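Read through the structure below, which is laid out as structure tokens, and then see the notes.
Note that the structure is a prediction, hence the values are computed from the model and not measured.
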Amino acid sequence: MKYTKQEVLQFVEEEDVKFIRLAFCDVFGKQKNKSIMPRDLERAFSHGIAIDSSAITGFGGEVCSDLFLHPDPDTLAILPWRPEHGKVVRMFCTITTPDGKVFENDTRSILIHAIEEAKESGYNFYFGTEMEFYLFKLDEEGEPTKIPYDKAGYMDVAPDDKCENVRREICLTLEQMGIYPEGSHHEEGPGQNEIDFQYSDALSAADNAMTFSTVVKAIAARNGLAADFSPKPLEGKPGNGLHINMSVKDNDGRLHSSSIIAGVLQIAEDISVFTNPSEESYKRLGSFKAPSYITWSRENRSQLIRIPAAFGEYIRAELRSPDPTANPYLAFALLIYAGLYGLENTCELPPEANFNLYTASPEITKNYAKLPMSLSEARDKAYNSAFIKEHLPKSLIQVYCDK
């Protein structure tokens with residue numbers, strides 16, 4: 001549900017709201033927040049709430065540490081796991097500098113700008129995510145272990161699947177927040193799960209992805225478990241992916257795909273450090289249905305991009321390389337720009353690689369470019385990329401590329 005400023009003020013007064021969390025994230029997508037009381041909400045809307053950003057990654061250090069949070073009323077949501085009396089609500093924020101300018105490393109604002117550029121070019125981008133996570137047991141002191149909650153496999157059912165009640169609680173909590181999961185199931189790894197989202201506009205999809213990780217961790221903790229979104233929690237077992245489904249329509253509602261996919265394929269190496277930003281990310285790629293070659297195909301899960309079987313408005317492209325350590329605001333922004341690059345340059349798709357890349361011979365795979373296979377390689381690709389320099393601020397590139 002969308003709210004106006006006045007509706008938020010009224011909601012807070014009428015619904016016994018005692019705390020308002022002003023949510024944002026650092027450049028790597030780690031969610032942060034500052035809580036305020038209802039009496040400060042009008043000031044938050046009018047002038048913003050000051051934060052000391054000196055200890056937040058990518059926000060500039062001690063020299064220029066004053067930034068302001070401006071809540072977006074559209075994103076108001078109750079946190080259902082908090083007390084029913086004296087409710088807690090959350091809104092995502094725009095971040096500005098003291099002179100009122102949007103902070104250049106506010107990744108949510110970077111996505112908003114990409115969406116606006118796409119609209120000016122006559123296109124609307126839509127995203128849906130499939131996010132995987134493990135559930136691990138806690139030790140006697142309440143600290144996470146690496147002991148999976150169950151030993152079930154892909155799409156197993158209870159009693160083998162012990163995670164189903166946790167997934168159900170997660171889905172019901174998301175629905176209470178106005179976020180509607182499309183499906184959920186046990187994944188291939190022991191204690192591994194996947195929950196998929198309905199398609200939505202790019203900003204809502206990114207906000208939902210941020211909300212999702214918070215909800216999963218909160219519900220897991222309430223059940224005496226730890227949720228792990230890292231790319232490779234267990235050696236020799238499937239990693240966690242963040243599969244990003246993407247479709248594009250022009251202003252007349254017509255779907256576009258081939259040039260967009262071609263654009264993403266051409267830019268795939270350059271954006272890898274943003275879709276796979278950790279050392280552990282590169283332990284996942286190339287095994288257990290995680291891609292390593294820059295290829296595409298219909299339905300084939302060994303590809304970087306696959307076109308799932310679907311009809312009409314449900315036709316989409318699925319990017320399979322990202323993992324949950326990616327900042328969804330940055331990932332979606334860069335995919336929008338890559339898609340626009342493909343459209344503006346009428347990029348042509350390479351031939352479809354309709355075979356299993358995991359079992360293909362070296363004679364075949366030598367003909368295909370590979371994604372960066374280490375963090376250092378991905379950093380070098382991004383740092384030297386004209387595409388990245390055109391669309392992201394220098395200070396943010398330096399943080400990601402460790403320069």
Using a 4.5 Å cut-off on heavy atoms from C-beta on, say whether the side chain of [Y] contacts that of [X].
X      : Y      : value
Val88  : Val17  : no
Lys34  : Leu69  : yes
Pro291 : Leu357 : no
Arg298 : Trp296 : yes
Tyr123 : Ile260 : no
Glu104 : Leu396 : no
Asp72  : Arg108 : yes
Asn105 : Pro393 : yes

Verify the distance criterion only: is there a donor paired with an acceptor across the side chains of [X] and [Y] at less than 3.5 Å?
X      : Y      : answer
Asp160 : His186 : no
Asn240 : Asp323 : no
Ser213 : Gln31  : no
Arg90  : Thr214 : no

Distance-minimising heavy-atom pair for [X] and [Y]:
X      : Y      : result
Gly86  : Lys18  : CA-CG, 3.3 Å
Asn327 : Thr107 : ND2-OG1, 3.0 Å
Leu330 : Val27  : CD1-O, 3.8 Å
Arg284 : Pro231 : CD-O, 3.6 Å
Cys25  : Phe59  : O-CZ, 3.4 Å
Phe387 : Ala338 : CZ-N, 3.6 Å

Residues in ring pair (Phe, Tyr, Trp, His ring centres under 6.0 Å) with [X], at least two apart?
X      : answer
Tyr383 : none
His185 : Tyr154
Phe68  : none
Tyr337 : His391

For [X] and [Y], indicate whether the former's side chain and the latter's backbone hold a donor-acceptor pair under 3.5 Å.
X      : Y      : value
Gln192 : Gly239 : yes
Thr75  : Phe92  : yes
Asn345 : Cys347 : no
Ser292 : Gly286 : no
Ser53  : Ile56  : no
Arg320 : Lys289 : yes
Glu377 : Met373 : yes
Arg316 : Ser257 : no
Asp106 : Phe103 : no
Lys237 : Phe288 : no

Run the salt bridge (Lys or Arg N to Asp or Glu O under 4.0 Å) test against [X] and tell me which residues pass, sequence neighbours left out.
X      : answer
Asp250 : Arg254
Lys146 : Asp228
Asp99  : none
Asp201 : none

- Message: Run the side chain to side chain donor-acceptor pair (under 3.5 Å) test on Ser297 and Asn354 for me, step by step, so that the C-alpha distance in whole Å, both residues' side-chain angles and the decisive distance to 0.1 Å come before the verdict.
- Response: CA-CA 5 Å; Ser297 179; Asn354 195 18; 3.2 Å; yes
- Item | Full working for side-chain contact (heavy atoms from CB on, under 4.5 Å) between Ile110 and Tyr329 | CA-CA 7 Å; Ile110 289 172; Tyr329 299 113; over 6 Å; no
Enclosure of [X] [atom1] (heavy-atom neighbours >12, cutoff 6.0 Å):
X      : atom1 : answer
Glu15  : CD    : yes
Phe19  : CZ    : no
Lys403 : NZ    : yes
Lys389 : NZ    : yes

- Message: Name the residue from Phe28, Tyr400, Phe332 that meets the ring pair (Phe, Tyr, Trp, His ring centres under 6.0 Å) definition with Phe274.
- Response: Tyr400
- Evaluate side-chain contact (heavy atoms from CB on, under 4.5 Å) for Tyr282 paired with Leu371, printing each intermediate quantity in order. CA-CA 10 Å; Tyr282 298 89; Leu371 292 168; over 6 Å; no
- Message: Please evaluate residues Glu116 and Lys119 with respect to the criterion side-chain contact (heavy atoms from CB on, under 4.5 Å), reporting the C-alpha separation (whole Å), side-chain torsions for both, the decisive distance (0.1 Å), and the verdict.
- Response: CA-CA 5 Å; Glu116 291 170 349; Lys119 286 183 177 177; 5.7 Å; no
- Kindly write out the residues that satisfy side-chain hydrogen bond (donor to acceptor under 3.5 Å, both in side chains) with Ser259, not counting sequence neighbours, or none if the list is empty.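 None.
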- Tell me, please, which residues at least two apart from Ser278 pass side-chain hydrogen bond (donor to acceptor under 3.5 Å, both in side chains). Ser281
Show me the donor-acceptor pairs within less than 3.5 Å that the side chains of residues 261-272 make with the rest of the protein, sequence neighbours left out.
unit_1: Glu269; atom_1: OE2; unit_2: Lys381; atom_2: NZ; d: 3.3
unit_1: Asp270; atom_1: OD2; unit_2: Ser385; atom_2: OG; d: 2.5
unit_1: Ser272; atom_1: OG; unit_2: Ala268; atom_2: O; d: 3.0

- Item | Worked verdict on Glu42 versus Lys5 for salt bridge (Lys or Arg N to Asp or Glu O under 4.0 Å) | CA-CA 9 Å; Glu42 178 65 56; Lys5 167 189 167 183; 2.9 Å; yes
Determine all donor-acceptor pairs shorter than 3.5 Å in which one atom belongs to a side chain in residues 125-135; sequence neighbours excluded.
unit_1: Glu130; atom_1: OE1; unit_2: His243; atom_2: ND1; d: 3.4
unit_1: Glu130; atom_1: OE2; unit_2: Asn245; atom_2: ND2; d: 3.0
unit_1: Glu132; atom_1: OE1; unit_2: Gly241; atom_2: N; d: 2.7
unit_1: Tyr134; atom_1: OH; unit_2: Pro238; atom_2: O; d: 2.7

- Message: Let's go through Leu172 and Arg168 carefully: what are the C-alpha distance in whole Å and the side-chain angles of both, what is the deciding distance for side-chain contact (heavy atoms from CB on, under 4.5 Å) to 0.1 Å, and is it a yes or a no?
- Response: CA-CA 6 Å; Leu172 293 174; Arg168 182 185 300 114; 4.0 Å; yes
- Query: Do NZ/NE/NH1/NH2 and the carboxylate oxygens of Glu235 and Lys232 come within less than 4.0 Å?
  - Reply: no
